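Notes follow once the structure below has been shown.
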There are 2 protein chains.
Amino acid sequence: MAKETIAGLAKRLGISKASVSYALNGQPGVSELTRRRVLDLAEELEWYPSSSARALSRSRAGAVGMVLSADPLLIGTEPYYMGMLAGIEAALAEGDMALMLRMVGKDPAQERRTYERWAGEGKVDGVLLFDHLHDDPRPALLDRLGLPFVLHGAPEAEWGTPFSGTTTDHAADAATIVEHLHQRGHRRIAHISGPRAFLHEEERIRGVRTSADAHGMEVVPFEADYALDAGHDAVVALVQGPVHRAATAVVFGNDLMSMGGLLALRELGLRCPDDVAVVSWDDSLHCRLASPSVTALFRNPGMQGRVAAELLLALLDTGDIQTRSMPRSELVVRASTAPD
Amino acid sequence: MAKETIAGLAKRLGISKASVSYALNGQPGVSELTRRRVLDLAEELEWYPSSSARALSRSRAGAVGMVLSADPLLIGTEPYYMGMLAGIEAALAEGDMALMLRMVGKDPAQERRTYERWAGEGKVDGVLLFDHLHDDPRPALLDRLGLPFVLHGAPEAEWGTPFSGTTTDHAADAATIVEHLHQRGHRRIAHISGPRAFLHEEERIRGVRTSADAHGMEVVPFEADYALDAGHDAVVALVQGPVHRAATAVVFGNDLMSMGGLLALRELGLRCPDDVAVVSWDDSLHCRLASPSVTALFRNPGMQGRVAAELLLALLDTGDIQTRSMPRSELVVRASTAPD
DNA sequence: AGGGATCACTGAACCGGTTCAGGTCTCACA
DNA sequence: TGTGAGACCTGAACCGGTTCAGTGATCCCT
């Protein structure tokens, strides 16, 4: 069968292409009767308008892009991404937008080139940005390219030009964690964060310190890179360093590092939670399954992804620039911080 | 700045649109000099051809689709999917194809409607198909829709019409697992498979039985659904049932069920591997981190995804229908089957 | 009855590429 | 010198939608 087109439908119904188009898109300019006839015929023929023709004439791709620029190994094991992806996809599907996913290594140039190409080719109408960095070059780049974007996990502080994004109150999350540890009797804790290059890690570090100060607790900060081994090595370094004596709890920046830390504790003959308690800043199945199971902050990645996608849809649709703050995360208390 | 187009480039260079197009696409019909001038100008202007215009005139979307139709919860926790996705994406990017990802629930109608729409809209040039079912309606549907597809994990048996796909020798994998258990002294094993509706599960079940027969071992088959709880409940059912007495090892169809099984064993006061050994048919970080760590079959999801994507690219490019068999999986032996 | 507003509809231009059917020009060969 | 081949290039049609300006017809209001 030859592919149907709008011209074909028009001919069958004895009306013009324009009328068909108006009818299909719910626009005024056609009678209810005509509209029905068009819609019925389209349904009967199982016909859908060509997305590329539409994209061309509307100058709109009907897709949004997302670059995952983390270490591929990390992406594969981080359940956080997949959960977020599901939320994003669900929201986009409702808005009839496709998701263009690109995975590149840690190379920032690759990410930049991807945006340049997407913009040049008109392949996406906007992008979702993650993991905001210090002096992040991406917002300026995207502005220059004319690509609208939503910043997931935007800084609370004000920004040069207004932007759309989700914000998380990392200080509140930090307080939740620290207060829990305080209540469990810990007075000196270690905080193994992700790279400080990420703004949200800075905020977490600050939040932890502030909250600890408020409760008269001491914090040993330690920077790592989210990998399993990083968590492991950090714990080894902490324990073998001079500061160990008093740190009775460790807060890890994500679930993978928590798992690494747990392995290290076991190797070192330290018991969790008796000798050292553990908290993870991300919850996941890993935390649930570990032994001991790990107390973790549930940040609801699916919902976060959904909200970010909805913001982007709104931005593309109406140009509305807005920020939405995420609801406070919940701490899921498990065995790793059980009261001795 | 106004958006550049091919007409703009042509005017700047004083040549025709056609020549620019030929030059850009490496087609004959232009001199080397002209080609260079065009390419240089395009680079200088950071210009890329509009993907939608290209898609329209070539009648090719430049994208392939993939529907993940598993339980969203499962998708999020199954590292297998993410690994495969990374491989697929890498291969597609090399072939300058985009990936269109759609996540729908377990509802087959949703999946069908997605294909119908994609085909009607011309949104994708082909699709990747997973988890082949008994009497799978999808190949016929896609044929009817004129959408080329690659079947990942195709049946070894011959098929009505020829098709492109990857095949896995599940019997060999089964033999690897069973022989390992035999060598460890097990003579009666349980096999907790995924749903029999999946062809590959049938093949695995057959493979396990065949191999067990060959070694004079007994198999207790048990059908479950890949979820964590399913693994848990299956173990409970097995242990409380009349057959338990002699089953000294359990083979799980994926890593999640293995984890569930481990939890159940712990609850039941059974020790692993001393009382019951455990093997997982999928390897992942979960298997590595569990205690005891779980012996698992490493099936290299990244590579599998890459190969499937490459097959699809070849199919779209040259129409080549071919099947590629995956290299034999490797068993990663860990503590859950340690020699007592 | 006349004038303006509204409605239903249409022809044609347009989006930005690709591609086909020629048109020159040059060069080799008979 | 004529002819055929080949290289280089161009105008115009085409892909399949959207959208704008314009045309009749109908209706309402004074």
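Every chain is numbered from 1 and lettered A, B, ... according to where its sequence line falls, protein lines coming before strand lines. Note that the structure is a prediction, hence the values are computed from the model and not measured.
- For B:Ser31, a side-chain nitrogen or oxygen approaches OP1 or OP2 of D:dC9 to under 4.0 Å.
- Straight-line distance from the CG atom of B:Leu13 to the P atom of D:dT10: 10 Å, rounded to whole Å.
- Between A:Glu116 and A:Leu145 the shortest side-chain heavy-atom distance falls below 4.5 Å.
- The 12-atom threshold is not exceeded at CZ of A:Arg113, counting heavy atoms of other residues, nucleotides or ligands nearer than 6.0 Å.
- Where B:Gly29 and A:Tyr48 each meet DNA chain D at their nearest nucleotide, the meeting point lying more 5' is that of B:Gly29.
- Closest non-hydrogen pair, A:Ala61 versus A:Lys123, comes out as CB-O, 3.1 Å.
- Counted within 6.0 Å of CG on B:Asp135, heavy atoms from surrounding residues, nucleotides or ligands total 12 or fewer; the atom is thus considered open.
- There is a side-chain donor-acceptor pair under 3.5 Å between B:Asn25 and B:Arg54.
- Nucleotides of DNA chain C with any atom under 4.0 Å from a heavy atom of chain A span, from 5' to 3', C:dA8 to C:dG16.
- A distance of 7.0 Å separates CG of B:Leu151 from CG of B:Asp136, quoted to the nearest 0.5 Å.
- You'll find the side chain of A:Leu41 stays beyond 4.5 Å of the side chain of A:Trp47, heavy atoms only.
- Taking a 4.0 Å limit (strictly below) on heavy-atom distances, residues 16-23 of chain B reaches DNA chain C at B:Lys17, B:Ala18, B:Ser21, B:Tyr22.
- A distance-only check finds no donor-acceptor pair linking the side chain of A:Asp317 to the backbone of A:Ala314 [under 3.5 Å].
- Residue B:Thr34 is classed as a sugar-phosphate contact, given heavy-atom separations below 4.0 Å to backbone atoms only.
- A rotation axis mapping the C1' atoms of four pairs onto the next four is fitted at both ends of the helix from C:dA1-D:dT30 to C:dA30-D:dT1 over five pairs, and the angle between these axes is 50° to 10 degrees.
- Side-chain contact between A:Arg102 and A:Trp118 is present, with heavy atoms from C-beta onward closer than 4.5 Å.
- The two residues A:Ile321 and A:Pro162 come nearest to each other via the heavy atoms CD1-O, 4.1 Å.
- At a threshold of 4.0 Å, the pair A:Glu32-A:Arg36 does not count as salt-bridged, since none of the basic side-chain nitrogens sits closer than that to a carboxylate oxygen.
- For the pair B:Glu32 and B:Leu56, both in contact range of DNA chain D, the more 5′-proximal nearest nucleotide belongs to B:Glu32.
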